[in-house]
Amino acid sequence: MANSESEATPLNPTTPPDPMNLSPWREYALGYLRAQLREDAPGELGVARVFERSPLEGDGAVVVFEFRARRGAAESDQYYVVVGQTEPNYYPAYGLDADEAYSLHLGTRFMLVMGVAQCVAPEGIDVMAAARVVVDRVAPSAPIEGLTVAACFDVEGQHHVVLRGRVAGQDVYIMAGEAPAGFSRRVELPPQVAYRLHVGAVLRVEAHRAE
C-alpha cells in the first residue's frame with residue numbers, strides 16, 4: 001500500500017472521471033506515481049476501468065489504471081493505481097483483475113477510515129468453533145482441518161479473524177470472529193490482502209442490495 005499523497009502531487013480534479021476522456025486522469029495518476037515511486041514511476045499507463053459509484057461515504061467515481069514498474073533491481077511487475085473522487089493509492093496486482101483491484105481499494109479505504117489495526121487474536125479463541133459458525137452456513141457437514149490464525153484485526157473493539165485451513169479438502173481463508181463471514185480460495189495472497197479484498201467485495205454487495 002502506498003504512503004499518503006505527496007505535496008508534489010497535482011491537485012485532485014473535482015469532477016468525476018469521464019469514461020470518454022480519461023486523459024486528465026492519466027496525467028494526474030502519472031503525477032501521483034512520480035511523487036510516490038520517483039525513478040521507478042512508469043512513463044505510461046495501461047488499460048483503464050471506470051467505477052462510477054462508491055459504497056463509501058465521501059468517495060465517488062474512480063478510475064483504475066494498470067501499469068508496470070520496476071522497483072529497484074526487481075523485474076518489472078504489474079500494479080494498479082486508483083484515482084478519482086477518492087484518496088489515490090496504488091497496489092501490486094497480486095494476480096487480480098481490475099474489478100478485484102477496485103474491491104481491494106475499497107477494503108483498504110475502509111481500514112484507513114475506520115482506523116483498523118492488525119492485532120493479536122483474542123486469548124483462548126476457539127478457532128474450530130469460529131470456523132464452524134461460518135462453514136455451517138453453507139456446508140454443515142464439510143470437514144475442517146489444519147486451522148491456524150492467519151491474521152486478526154481490531155475494528156472499533158471487534159475482532160475480525162482470518163483463519164487458514166482446509167474445508168472439504170480445499171485450502172481456504174475463513175473470515176470469522178466478528179468479521180463479515182466468508183471464504184477466500186485466494187490463499188496465495190497475504191492474509192491482510194485477502195481480508196481487504198473480502199471487505200471491499202462485501203461493501204459492494206451491501207450497497208447493491210440497498211439500491
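Predicted model, so just to flag it, every value in this text is computed and none were measured.
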| message | Using side chain to side chain contact (heavy atoms under 4.5 Å, CB included), reason through His160 and Met175 one step at a time and then give a plain yes or no. | response | CA-CA 7 Å; His160 291 193; Met175 312 303 165; over 6 Å; no
| query | Do Arg185 and Asp171 pass the salt bridge (Lys or Arg N to Asp or Glu O under 4.0 Å) test, and can you show the C-alpha distance, the side-chain angles, and the key distance before you say yes or no? | reply | CA-CA 7 Å; Arg185 293 190 176 92; Asp171 290 330; over 6 Å; no
| message | Test side chain to side chain contact (heavy atoms under 4.5 Å, CB included) on Gln118 and Tyr195; report intermediate values, then the result. | response | CA-CA 11 Å; Gln118 197 157 349; Tyr195 170 76; over 6 Å; no
| said: Under the criterion side chain to side chain contact (heavy atoms under 4.5 Å, CB included), I'd like the reasoning laid out for Tyr91 against Asn89: C-alpha separation, chi angles, the key distance, then a yes or no. | reply: CA-CA 7 Å; Tyr91 308 90; Asn89 215 333; 3.4 Å; yes
| query | Would Phe153 and Val161 satisfy side chain to side chain contact (heavy atoms under 4.5 Å, CB included), going step by step from the backbone distance to the final call? | reply | CA-CA 6 Å; Phe153 303 92; Val161 182; over 6 Å; no
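The distance from atom CZ of Arg164 to atom CD1 of Ile174, rounded to the nearest 0.5 Å, is 11.5 Å. Note that OG of Ser54 and CZ of Arg109 are 8.0 Å apart. Values are rounded to the nearest 0.5 Å. Interatomic distance, OH of Tyr94 versus CZ of Arg196, reported as 6.0 Å (0.5 Å rounding). Rounding to the nearest 0.5 Å gives a distance of 12.0 Å between CZ of Arg166 and CD of Gln170. Atom-to-atom distance recorded for Phe110:CZ and Asp59:CG is 13.5 Å, nearest 0.5 angstrom.
Following chains of ILVMFWY side-chain contacts shorter than 4.5 Å, one can reach Ile144 starting from Phe183, so the two form part of one hydrophobic cluster.
Inter-residue side-chain proximity for Pro17 and Leu22 is flagged as met; some heavy-atom pair is nearer than 4.5 Å. Looking at Pro143 and Val167, their side chains never come closer than 4.5 Å, going by heavy atoms from C-beta outward. Between Val63 and Val83 the shortest side-chain heavy-atom distance falls below 4.5 Å.
Between Leu30 and Pro42 the shortest heavy-atom distance is CD2-O, 3.6 Å.
Although no hydrogens or angles enter the test, the distance criterion places a donor-acceptor pair under 3.5 Å between the side chain of Tyr173 and the main chain of Leu189. No donor-acceptor pair under 3.5 Å is formed between the side chain of His105 and the backbone N or O of Tyr90. Side-chain atoms of Thr86 do not come within 3.5 Å of backbone N or O of Pro88 as any donor-acceptor pair. Gln85 places a side-chain N or O within donor-acceptor distance of the main-chain N or O of Ala61, the cut-off being under 3.5 Å. Between the side chain of Tyr80 and the backbone N or O of Leu96, at least one donor-acceptor pair lies under 3.5 Å.
Under the 4.0 Å criterion applied to side-chain N and carboxylate O atoms, Arg186 and Glu100 are assigned as salt-bridge partners. Taking 4.0 Å as the cut-off between side-chain N and carboxylate O, Arg68 and Asp77 do not count as a salt-bridged pair.
Around atom CZ of Arg26, more than 12 heavy atoms belonging to other residues, nucleotides or ligands sit under 6.0 Å away. Around atom CD of Glu44, no more than 12 heavy atoms belonging to other residues, nucleotides or ligands sit under 6.0 Å away. Within a 6.0 Å radius of CD in Glu52, no more than 12 heavy atoms belonging to other residues, nucleotides or ligands are found.
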